[in-house]
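Written below as structure tokens is the structure these notes are about.
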2 protein chains.
Amino acid sequence: MDTDKLAALGGIKLFEGLPQAQLQSLAGIAQLRRCKAGETLFEAGQPGTHLFAVVSGKVRVFRASLSGKEQVLHVFTGGEAFAEVPVFEGKTYPASAQALEDSELLSIPRKGFVELLRRDPELALGVMALLSARLRAFVGQIAQLSLKEVPERLAGYLLLLRSAQGRDELTLDLPKGQIASYLGTIPETLSRAIKKLSEQGLIEVLGSRVRILDPEGLARLAEADR
Amino acid sequence: MDTDKLAALGGIKLFEGLPQAQLQSLAGIAQLRRCKAGETLFEAGQPGTHLFAVVSGKVRVFRASLSGKEQVLHVFTGGEAFAEVPVFEGKTYPASAQALEDSELLSIPRKGFVELLRRDPELALGVMALLSARLRAFVGQIAQLSLKEVPERLAGYLLLLRSAQGRDELTLDLPKGQIASYLGTIPETLSRAIKKLSEQGLIEVLGSRVRILDPEGLARLAEADR
DNA sequence: TGCGTTCCATGACTAAAGTCAAGGCCCTGC
DNA sequence: GCAGGGCCTTGACTTTAGTCATGGAACGCA
């Protein structure tokens, strides 16, 4: 029954180029698992025993405060691995994870994965690259949160989507509430920021469809500095 | 003349436990370098060719906005390595670095370091642990910035210092302006936050000396949630 | 000793974003 | 076709933090 797992593992970017033998041994220890929209995978502070990868679906990783406010750190989709931190360091997950849609996930126990890394320096380099990319993203997020205001962060986010989707007619990939939480704000404030960009003629919004009217203007705003 | 370098390398936590032969080969490619307080080591966006380590002194890593506002990401002191991100991923430094004091630094070219990693899986695991610890710290910083107000962040910072210094009479390790920038605010606001904690009887401040009067109260505040 | 610089504290004001409350839109399921 | 729920928008208000301007204390240096 490992053929399912093998196929799933083959679709994970982190494992691209891994020799067949090592994929086999991963398949031996990995679990393939389905979960439903809204299901919690783990919570910040829990002992972190597994590395995860998204085969299909969408998972958000976030931190919550006691009062229920949440900050989204990242949303992972097909082919991406996450929850590496406790594999290498410490014992607990630093954030919580929840499926946003019905999803298929791979979970790989910490110990077996570390063994594999010891034997395969190229995989290790791949993991370091992944961790580094995530660090770079977090540095950007910290800078955005502390140095920019909401409309500027929104402009940056839209430009990101634009380059991901490759055109000016965007489809918002998340409900607006989640986007607000990713931008470090609340839905009301996001709403007003969207209105502001529209009024300035930078974008045009219809539900979850956004048309970028003035990419340069958006870029200027995203860099802007008050 | 590599004896200086060897000694310096031996003091870097990341290289602890490395076999003598590999330290030698590191010494062969590393540069030992002094720099003065205020000196810029590199700037965000520049091509990142070297990994750094602090032998002595203090270096802050930060992001600046065009208008001159700055967000401190971390302050590195003796024994710590930094600027690993561009070694493994991308081409540029994601943030800027500046010496806060006269410092001694090691710089290690990217390429030689990657070679070493390929040959020594244990070092590679050490690097992954380091990157993971940094990710965990950034997750915490993002959560603080977006979920907590300045007095709460300050309370958390003071508790951190307390556990680092192991007693209730703290010496602030940075000028207050730098602390403000690390907490994602400005000196005026930090000033007022300090005053607020003092008035609440949680701390007592005299210049750069802080006495923690009520650790539990601070902890409650740091967790607090409005 | 006195000058200048840097850092810090304070006050008055402004601007940004969060809170609370209400209402609209759209989809789903009966 | 209608009821109910989620999600989003809007408005009025409050709170928080940033801005600007000023003055004081501490330190280094002539």
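In what follows, every chain begins at residue 1, and chains take the letters A, B, ... in the order their sequences are listed. The structure presented is a predicted model; accordingly, all values stated were derived computationally and were not measured.
- Annotation: cation-pi pair A:Arg110/A:Phe113 absent, no NZ/CZ under 6.0 Å from the ring centroid and within 45° of its normal.
- Protein atom CG of A:Leu145 is 15 Å distant from nucleotide atom P of D:dA17, rounded to whole Å.
- Rounded to whole angstrom, the span from the CG atom of A:Leu147 across to the P atom of D:dA17 amounts to 16 Å.
- Between B:Glu70 atom CD and D:dG18 atom C1' the separation is 16 Å, expressed in whole Å.
- Ring-plane geometry between B:Tyr93 and B:Phe52 is classed as tilted, the angle between the planes lying from 30 to 60 degrees on a 0 to 90 degree scale.
- Considering only side-chain N and O atoms, A:Lys176 lies under 4.0 angstrom from the phosphate OP1 or OP2 of D:dT9.
- Summarising the geometry, the separation between CZ on A:Arg209 and C1' on C:dC26 is reported as 16 Å, rounded to the nearest angstrom.
- In this structure, CG of B:Leu172 is placed 15 Å from P of C:dC7, rounded to the nearest angstrom.
- At whole-Å resolution of the value, CD in A:Glu152 and C1' in C:dA16 are 11 Å apart.
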Show, in sequence, the C-alpha distance, side-chain angles and deciding distance for A:Cys35 and A:Leu105, and conclude whether the side-chain contact (heavy atoms from CB on, under 4.5 Å) test is met.
CA-CA 8 Å; A:Cys35 64; A:Leu105 303 172; 3.8 Å; yes
Working note: B:Arg209 + B:Leu172, criterion side-chain contact (heavy atoms from CB on, under 4.5 Å); need CA distance, chi angles, decisive distance, verdict.
CA-CA 6 Å; B:Arg209 312 216 135 247; B:Leu172 295 182; over 6 Å; no
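- Using a 4.0 Å cut-off between a side-chain N of Lys or Arg and a carboxylate O of Asp or Glu, A:Arg63 and A:Glu70 do not qualify as a salt bridge.
- Between the side chains of A:Arg153 and A:Gln144, not a single donor N or O lies within less than 3.5 Å of an accepting N or O.
- Contact annotation: the side chain of B:Val72 never approaches that of B:Val61 to less than 4.5 Å [non-hydrogen atoms, C-beta and beyond].
- Residue whose closest nucleotide on DNA chain D sits further toward the 5' end, between A:Ser146 and A:Val205: A:Val205.
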What do the steps show when you test A:Ser146 against B:Gln71 for side chain to side chain donor-acceptor pair (under 3.5 Å), and what is the final call?
CA-CA 7 Å; A:Ser146 113; B:Gln71 170 68 41; 2.6 Å; yes
Between B:Asp168 and B:Arg162, does the salt bridge (charged side-chain N to carboxylate O under 4.0 Å, His left out) criterion hold? Intermediate values first, please.
CA-CA 6 Å; B:Asp168 288 346; B:Arg162 180 171 104 115; 2.6 Å; yes
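- Contacts between residues 153-160 of chain B and DNA chain D, counted as heavy-atom distances below 4.0 Å, involve no residue at all.
- Distance from the side chain of B:Glu149 is smallest to D:dT16 among C:dC8, D:dT16, D:dC8.
- Taking the six-membered ring where the residue is Trp, A:Phe82 and A:Phe76 present parallel rings, their angle staying beneath 30° rather than reaching 60°.
- In this structure, B:Lys58 does not pair ionically with B:Glu80, as no charged nitrogen and carboxylate oxygen lie closer than 4.0 Å.
- Going from atom CG of B:Leu206 over to atom C1' of C:dC8 covers 13 Å, rounded to whole Å.
- Within residues 180-199 of chain A, the residues having any heavy atom under 4.0 Å from DNA chain D are, by residue number, A:Glu188, A:Ser191, A:Arg192, A:Lys195.
- Remark on the helix from C:dT1-D:dA30 to C:dC30-D:dG1: inter-end axis angle 40°, axes from five-pair C1' superpositions, rounded to 10°.
- Note: NZ (B:Lys69) to P (C:dA15) measures 15 Å, nearest angstrom.
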